[in-house]
Amino acid sequence: MVTYITAVNIHDILSNMATRSSKKKAAKAAADSPQLTQTLLTSASTRSSQPRLSRNILRDECEDTDIEEQVGKRMDGAIDKVIRRMTDELRELENGIREELHVQAREIAKLKSENKELKKQCLDLDERIDELEVQNKNHATLLNKQERQSRRNNLRLVGYASEEHEDCLQIASTVFSKIGLENCKLERAHRDGKVVHGRERHILVEVSFFQDKLFLVRNAREKLAGEPYFIVDDLTPMDLQEKKKWTAKVTELYRGGTRLRFRGGLWRGSDGRPYKFE
């Protein structure tokens with residue numbers, strides 16, 4: 001039987017021979033060097049343990065990842081719960097504030113309405129007060145005029161020393177005689193006013209005729225010059241206030257040559273017309 005040897009067969013034969021030769025050499029080298037044998041075993045063991053270590057690391061990383069995911073989910077859940085609770089509380093607070101604002105708005109509107117009504121009432125009262133003040137002033141003027149008329153024939157003897165058991169009618173007659181009016185008919189005469197220490201009370205005298213009063217007033221200053229007493233008209237409280245109001249100005253005008261007389265509740269010039277003070 002003839003065997004055909006090809007190039008492929010030759011290549012396989014050579015490879016097998018090389019492999020057997022390499023194994024023999026490796027076995028011989030291992031027998032000659034135990035340390036080399038141990039190194040090879042260690043290297044093989046290391047290569048075989050590396051896949052297991054990698055798997056453990058991957059498993060630990062996966063477990064850590066799961067824990068982180070669980071912790072993250074729990075934290076997210078807790079945060080969401082807190083946010084929902086805070087949101088509910090804020091919404092409840094907002095509703096309470098809104099309701100309170102509505103109540104306050106209604107109260108303010110009510111107060112504004114009441115205030116408006118009160119303002120109207122105040123305006124009405126102010127108008128009424130103005131009317132009453134005008135009426136009161138008119139009444140006071142009318143009453144003062146009537147009181148002035150009732151005092152038309154009255155005079156006041158000021159500064160005359162009082163005596164025990166004095167006769168005021170006789171004193172008035174004596175003084176009027178000095179002025180130049182003899183046998184003046186008198187209606188009454190008496191002391192008037194409050195008792196003030198160091199000052200004599202006035203003697204209030206009512207004459208029967210107005211013309212006699214005018215004569216006494218016009219001539220008293222000249223005839224009674226140097227006497228401790230003098231005669232003045234019996235003024236009403238309102239007229240007396242008006243007279244005192246301009247006394248300093250009247251004195252200044254008198255020194256400048258302008259003479260005024262107080263009659264009918266007003267200061268008047270020589271022509272009898274009311275004087276207008278600046």
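Keep in mind that the numbers below use all heavy atoms, side chains included, and drop hydrogens, waters and symmetry copies.
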| Does the pair I171 and L157 meet the rule for a side chain to side chain contact (heavy atoms under 4.5 Å, CB included), with working shown? | CA-CA 10 Å; I171 294 173; L157 184 57; 4.0 Å; yes
| query | Within a radius of less than 6.0 Å around CD of Q135, do more than 12 heavy atoms belonging to other residues, nucleotides or ligands occur? | reply | yes
| query | Quick one: CG on D212 to CG on N183, what's the gap to the nearest 0.5 Å? | reply | 11.0 Å
| Are side-chain heavy atoms of L186 and S173 found at a separation under 4.5 Å? | yes
| Thinking salt bridges, do R128 and E131 make one under a 4.0 Å N-O criterion? | yes
| Between the side chains of D239 and T236, does any donor sit under 3.5 Å from an acceptor? | yes
| Are F176 and L204 joined in one hydrophobic group, where the rule is that I, L, V, M, F, W and Y side chains link up if heavy atoms are under 4.5 Å apart? | no
| Is a side-chain donor or acceptor of S113 paired with a backbone partner of K110 at a separation under 3.5 angstrom? | no
| said: Do V158 and Y229 have side chains that approach each other closer than 4.5 Å (heavy atoms only, starting at C-beta)? | reply: no
| message | Here's a test for you: under salt bridge (Lys or Arg N to Asp or Glu O under 4.0 Å), which of R148, R152, R156 qualifies with D234? | response | R156
| said: Within a 6.0 Å radius of atom CD on E222, are there more than 12 heavy atoms belonging to other residues, nucleotides or ligands? | reply: no
| Given the rule that I, L, V, M, F, W and Y join up when any side-chain heavy atoms are under 4.5 Å apart, are L93 and L101 in one cluster? | yes
| task | Give a yes or no answer on whether the side chain of D167 reaches the backbone of L169 with a donor-acceptor pair at less than 3.5 Å. | result | yes
| query | To the nearest 0.5 Å, how far apart are CD in E252 and OG1 in T247? | reply | 13.0 Å
| Is there side-chain contact between V175 and L224, with heavy atoms separated by less than 4.5 Å? | yes
| field | Side chain to side chain, D233 and F262, heavy atoms closer than 4.5 Å | value | no
| note | One should read off an interatomic distance between I203 CD1 and D192 CG, to the nearest 0.5 angstrom, of 11.0 Å
| Do R191 and C168 have side chains that get closer than 4.5 Å, going by heavy atoms? | yes
| field | D88 bridged to R85 by N-O distance under 4.0 Å | value | no
| remark: So CD1 of I179 and CD of E227: to nearest 0.5 Å the spacing works out to 10.0 Å
| With a 4.5 Å heavy-atom cut-off, do K213 and L155 have their side chains touching? | yes
| said: Quick one, Y254 with L260, criterion side chain to side chain contact (heavy atoms under 4.5 Å, CB included). Give me CA distance, side-chain angles, the key distance, then yes/no. | reply: CA-CA 8 Å; Y254 181 80; L260 303 178; over 6 Å; no
| Per the side chain to side chain contact (heavy atoms under 4.5 Å, CB included) rule, which among N95, V103, I97 passes with E99? | V103
| said: Other residues, nucleotides and ligands only: do more than 12 of their heavy atoms fall within 6.0 Å of CD on E187? | reply: yes
| request: Could you tell me which non-hydrogen atom of S177 sits nearest to which non-hydrogen atom of E182, and how far apart they are? | output: OG-OE1, 3.4 Å
| Spacing of OH belonging to Y275 relative to CH2 belonging to W267, to within rounding of 0.5 Å | 12.0 Å
| task | For the pair W246 and F277, name the ring-plane relationship: parallel under 30°, tilted 30 to 60°, perpendicular over 60°. | result | parallel
| query | Can you get from V217 to L266 by hopping between Ile, Leu, Val, Met, Phe, Trp and Tyr side chains that sit under 4.5 Å apart? | reply | no
| said: Could you tell me if the side chain of V205 sits less than 4.5 Å from the side chain of N154, heavy atoms only? | reply: no
| said: Checking N138 against V134 for the side chain to side chain contact (heavy atoms under 4.5 Å, CB included) test, could you report, in this order, the C-alpha distance in whole Å, the side-chain angles of both residues, the deciding distance, and whether it holds? | reply: CA-CA 6 Å; N138 293 336; V134 172; 3.6 Å; yes
| request: Would you tell me whether S162 and E200 have side-chain atoms, one donor and one acceptor, within less than 3.5 Å of each other? | output: yes
| Under 3.5 Å, is there a donor-acceptor pair between the side chain of Q121 and the main chain of L118? | no
| task | Please assess M238 against E242 for the test side chain to side chain contact (heavy atoms under 4.5 Å, CB included), listing each intermediate value before the final yes or no. | result | CA-CA 6 Å; M238 186 179 293; E242 179 67 18; over 6 Å; no
| request: Evaluate the side-chain proximity of R268 to R263: yes if any heavy-atom separation is below 4.5 Å, no if none is. | output: yes
| query | Between the side chain of N219 and the main-chain N/O of F215, is any donor-acceptor distance below 3.5 Å? | reply | yes
| Is it true that R151 and E206 have a side-chain N and a carboxylate O under 4.0 angstrom from each other? | no
| Gap separating the CG atom of N144 from the NE2 atom of H139, nearest 0.5 angstrom | 14.0 Å
| said: Can you tell whether the side chains of D124 and K120 come within less than 4.0 Å, N to carboxylate O? | reply: yes
